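In this text the structure is predicted, and so the values were computed from the model without any measurement.
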Amino acid sequence: MANFEKIENIRDIRRSLGLNQMEFWSKLGVTQSGGSRYESGRNMPKPVRELLRIVHIERVDLSAINANDLAVASLLKERDPELYEQLLSDSQQKKSA
């Protein structure tokens, strides 16, 4: 899924995760009533859509990362792209196992 691409099936995503609206939307800093409006078709701002993608589709725990983690990953990708690609492949295999 491309960044900022419209997400059509928000309610289905939430339900597949087994979360109620409060649990789902609070992880993004959105109220339950605001999330309900998005699920009903109201246009979602790009930053909220991107957070939804990161947190609920990519399943990134935002509380577990910081700027240093991202800087290290960026340096690794720049300085040793082969190792970066290998680690990326290993992590994807681990997720699917």
Side-chain angles (χ1 to χ4, degrees):
M1 172 175 285
N3 292 0
F4 302 113
E5 184 177 305
K6 185 168 181 165
I7 301 170
E8 299 288 340
N9 54 350
I10 300 166
R11 185 174 288 129
D12 293 340
I13 293 168
R14 178 178 58 76
R15 287 179 176 163
S16 73
L17 294 171
L19 300 173
N20 64 38
Q21 286 182 336
M22 182 70 121
E23 294 165 330
F24 185 86
W25 291 105
S26 67
K27 290 184 179 191
L28 309 180
V30 174
T31 64
Q32 179 275 324
S33 61
S36 178
R37 288 191 289 273
Y38 297 145
E39 289 184 20
S40 297
R42 179 173 276 181
N43 195 27
M44 187 184 310
K46 288 179 183 180
V48 175
R49 203 165 54 231
E50 188 65 3
L51 275 173
L52 190 150
R53 182 189 67 76
I54 292 168
V55 172
H56 292 304
I57 296 172
E58 298 293 333
R59 304 231 177 153
V60 174
D61 179 2
L62 296 178
S63 67
I65 60 172
N66 62 42
N68 289 334
D69 296 329
L70 298 175
V72 169
S74 180
L75 281 172
L76 176 61
K77 187 175 185 179
E78 177 186 317
R79 293 182 183 176
D80 195 339
E82 289 179 18
L83 177 57
Y84 177 85
E85 290 299 324
Q86 182 59 53
L87 292 171
L88 182 63
S89 176
D90 291 352
S91 71
Q92 289 171 345
Q93 289 175 3
K94 184 177 179 181
K95 275 199 287 189
S96 64

Self-check item: Those residues that, when tested against Ser33, pass side chain to side chain donor-acceptor pair (under 3.5 Å) (two or more places apart)
Solution: Thr31
Self-check item: Of all pairs that satisfy salt bridge (charged side-chain N to carboxylate O under 4.0 Å, His left out), the ones with a partner from residues 70-94, not counting sequence neighbours
Solution: none
Practice problem: Any salt bridge (charged side-chain N to carboxylate O under 4.0 Å, His left out) involving residues 7-27? Give me the pairs, sequence neighbours left out, ordered by first then second residue. | Solution: Arg11-Glu39, Arg14-Glu39
Quiz item: In terms of hydrophobic clustering (I, L, V, M, F, W, Y; side-chain heavy atoms under 4.5 Å; direct or indirect links), are Val48 and Val60 co-clustered?
Solution: yes
Quiz item: Heavy atoms, side chains only, cut-off 4.5 Å: are Tyr38 and Leu28 in contact?
Solution: no
Practice problem: Give, for atom CZ of Arg53 and atom NZ of Lys46, the distance between the pair rounded to the nearest 0.5 Å. | Solution: 13.5 Å
Quiz item: If two hydrophobic side chains count as joined below 4.5 Å and joins carry through other members, does Ile65 share a cluster with Ile54?
Solution: yes
Quiz item: Hey, any chance Leu62 and Ile7 share a hydrophobic cluster, counting ILVMFWY side chains that come within less than 4.5 Å of each other, even indirectly?
Solution: yes
Exercise. Using atom types as modelled and distance alone, determine if a side-chain donor or acceptor of Arg49 lies under 3.5 Å from a backbone N or O of Met44.
Key: yes
Quiz item: Listed by chain and number, what are the side chain to side chain contact (heavy atoms under 4.5 Å, CB included) partners of Ser63, not counting sequence neighbours?
Solution: Asp61
Exercise. To the nearest 0.5 angstrom, please state how far the OG atom of Ser89 sits from the CD atom of Gln86.
Key: 5.5 Å
Quiz item: In chain order, what residues pass the side chain to side chain contact (heavy atoms under 4.5 Å, CB included) check against Leu17, with sequence neighbours excluded?
Solution: Ile13, Leu19, Phe24, His56, Arg59
Exercise. Answer with yes or no whether the hydrophobic clustering places Met22 together with Leu51; edges join I, L, V, M, F, W, Y residues whose side-chain heavy atoms lie under 4.5 Å apart.
Key: no
Quiz item: Members other than Leu70 in its cluster, when Ile, Leu, Val, Met, Phe, Trp, Tyr link by side-chain heavy atoms under 4.5 Å?
Solution: none
